[in-house]
Amino acid sequence: MIIEGLCTTLNPDGGVNVAPMGPIIEDNFARLRLRPFPTSTTYANLKRTLRGVFHVTDDVLLLARAAIDRIPAPPATRPAETIDGAVLVDCCRWYEFECEPLDESGERPLFVAHVKHRGRVRDFVGFNRARHAVIEAAILVSRLHLLEREFILNEMAKLRSAVEKTGDEPEREAFALLESTLRVQWHEEQA
Ligand SMILES: Cc1cc2nc3c(=O)[nH]c(=O)nc-3n(C[C@H](O)[C@H](O)[C@H](O)COP(=O)(O)O)c2cc1C
């Protein structure tokens, strides 16, 4: 099963990179199969350090902001307990991991990550259609280069209805942020 969450890795200067990632979860989170695009900071950091922390969270505003690289202030973190890494202070659960050396033999680069330590901060809030809609919208926005504009517009219209009907302010803000990213990106492509 793929679980969408947030992955922290360390930059060369020691700063913390936060990125949405959807690893394949194996053996009840004992192993994560991470497939970051070679253009991503997560890929570069994992290749260099082979370490990171995966977070299960319901904070879709942070997820949306991280997807478009617009986090206004770095989220609070504390040092991981078993690896050189950073744990988001606000999350539901976290998984500190170490990777086997990068496998680039397949279609996408693969890091097989072994979880060394896990912890829990708070309950997952529960299923909410607006939050799922924000996740879907963030995935669309992060795949602009792969998808047709008309398809994206149709999908966004369907997702917007779930956000309006079932979300609160953070979900509405996250969705509006993603919509404005689309407008800016497409405007720049036309200019
Ligand atoms: C829910 C979600 C899951 C994602 N999963 C992946 C993934 O598994 N691999 C990947 O390369 N990008 C994934 N992305 C896209 C990255 O988050 C996006 O390219 C991001 O800009 C990478 O950040 P980074 O350059 O800081 O690593 C996902 C995006 C979202 C919204």
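Just so you know, these numbers use all the heavy atoms, side chains as well, and skip hydrogens, waters and symmetry mates. In what follows, residues are counted from 1 in the order of the sequence shown. Please read all numbers here as calculations on a predicted model, not as lab measurements.
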Here the gap from Glu26 atom CD to Met1 atom CE, rounded to the nearest 0.5 Å, amounts to 13.0 Å
Stepwise side-chain contact (heavy atoms from CB on, under 4.5 Å) test for Trp94 and Leu88: CA-CA 8 Å; Trp94 83 90; Leu88 295 172; over 6 Å; no
One should read off an interatomic distance between Leu144 CG and Glu189 CD, to the nearest 0.5 angstrom, of 7.0 Å
### Expected output: side-chain Thr8 to main-chain Ala86 donor-acceptor under 3.5 Å
yes
Stepwise, does the salt bridge (charged side-chain N to carboxylate O under 4.0 Å, His left out) test hold for Glu136 with Lys158? CA-CA 11 Å; Glu136 291 299 329; Lys158 288 185 229 159; over 6 Å; no
Can you confirm whether more than 12 heavy atoms, excluding those of His145, are under 6.0 Å from its NE2 atom?
yes
Smallest heavy-atom separation, Val121 atom then Cys91 atom, equals CB-O, 3.1 Å
Closest heavy-atom pair, Arg122 versus Arg120, reported as atoms and distance to 0.1 Å, is C-NH2, 3.6 Å
- Query: Would Val115 end up clustered with Phe54 when hydrophobic side chains under 4.5 Å apart are linked, directly or stepwise?
  - Reply: yes
Query raised in the report: Does Phe175 share a hydrophobic cluster with Leu153, counting links as ILVMFWY side-chain heavy atoms below 4.5 Å and allowing steps through other members?
Result: yes
Partner of Val134 under side chain to side chain contact (heavy atoms under 4.5 Å, CB included), picked from Asn128, Leu178, Leu63, is Leu178
Asn11 atom CG, over 12 foreign heavy atoms within 6.0 Å: yes
Original post:
Does the side chain of Cys92 come within less than 4.5 Å of Asp58's, by heavy atoms?
Top reply: yes
* Are side-chain heavy atoms of His55 and Val87 found at a separation under 4.5 Å? -> yes
In short, Ala162 meets Ala130 closest at the heavy-atom pair O-CB, 3.8 Å
*Are Val53 and Leu6 co-members of a hydrophobic cluster defined by side-chain heavy atoms under 4.5 Å apart?*
no
Spell out, yes or no, whether Leu182 and Ile139 are grouped together once hydrophobic residues are joined by side-chain heavy atoms under 4.5 Å, including indirect joins. yes
### Task
Return yes if some donor-acceptor pair links the side-chain N/O of Arg172 with the main-chain N/O of Gly167 below 3.5 Å, else return no.
yes
*What class does the angle between the rings of Phe127 and His132 fall in, given that below 30° is parallel, 30 to 60° is tilted and above 60° is perpendicular?*
tilted
* Do any N or O atoms from the side chain of Asn17 and from the backbone of Thr41 form a donor-acceptor pair under 3.5 angstrom? -> no
Looking only at heavy atoms, the pair that brings Ala174 and Ala64 closest together is CB-CB, 3.9 Å
Residues Asp59 and Thr57: closest non-hydrogen pair is N-OG1, 3.0 Å
Interatomic distance, CZ@Arg93 vs CZ@Arg118, rounded to 0.5 Å, equals 8.5 Å
(request) Answer yes or no: is there a side-chain heavy-atom contact under 4.5 Å between Leu140 and Phe151? (result) yes
- prompt: Near Asp69 CG, under 6.0 Å, is it more than 12 heavy atoms from other residues, nucleotides or ligands?
  reply: no
Q.
Please determine whether side-chain contact (heavy atoms from CB on, under 4.5 Å) holds for the pair Val125 and Arg131, giving the CA-CA distance in whole Å, both sets of side-chain angles, and the decisive distance to 0.1 Å.
A. CA-CA 10 Å; Val125 72; Arg131 291 190 179 185; 3.0 Å; yes
query = Do Asn45 and Leu10 have side chains that get closer than 4.5 Å, going by heavy atoms?
reply = no
Query - Ile152 vs Trp186 side-chain heavy atoms within contact, under 4.5 Å - result: yes
Q. Around Glu148, counting heavy atoms of other residues, nucleotides and ligands shown, do more than 12 lie under 6.0 Å from its CD?
A. no
Q: Check for a donor-acceptor pair, side chain of Asp90 on one end and backbone N or O of Ala76 on the other, with a separation under 3.5 Å.
A: no
In this structure, OG1 of Thr49 is separated from CD of Glu98 (nearest 0.5 Å) by 10.0 Å
Problem set entry | Glu171 side chain to Asp168 backbone, donor-acceptor under 3.5 Å | yes
* Evaluate the criterion side-chain contact (heavy atoms from CB on, under 4.5 Å) for residue pair Phe111 and Leu32; output intermediate values, then yes/no. => CA-CA 8 Å; Phe111 292 95; Leu32 316 174; over 6 Å; no
Practice task
Taking the side chain as every heavy atom from C-beta outward, state whether Val141 and Ile68 have any atom pair closer than 4.5 Å.
Solution key: yes
Quick one: does Thr166's side chain have a donor or acceptor within less than 3.5 Å of a partner on Val163's backbone? no
Worksheet item: Same cluster or not: are Leu50 and Leu34 linked, directly or through other Ile, Leu, Val, Met, Phe, Trp or Tyr residues, by side-chain heavy atoms under 4.5 angstrom apart?
Response: yes
| said: Within the structure provided, determine whether Arg35 and Ile24 are in side-chain contact (heavy-atom separation under 4.5 Å). | reply: yes
Nearest heavy-atom approach of Pro38 to Pro109 is CG-CG, 3.8 Å
When rounded to the nearest 0.5 Å, the distance separating CZ of Arg31 from CD of Glu100 is 9.0 Å
task = Would you check if Leu61 and Arg65 make a side-chain contact, meaning some heavy-atom pair closer than 4.5 Å?
result = yes
Counting neighbours of CD on Glu104 that are heavy atoms of other residues, nucleotides or ligands and sit closer than 6.0 Å, is the number greater than 12? yes
Q) When you measure from the side chain of Asp27 to the backbone N and O of Ala30, does any donor-acceptor pair fall under 3.5 Å? A) no
- Query: Are the side chain of Glu96 and the backbone N or O of Thr82 linked by a donor-acceptor pair below 3.5 Å?
  - Reply: yes
Rounded to the nearest 0.5 Å, the NZ atom of Lys116 sits from the CD1 atom of Ile83 at a distance of 10.5 Å
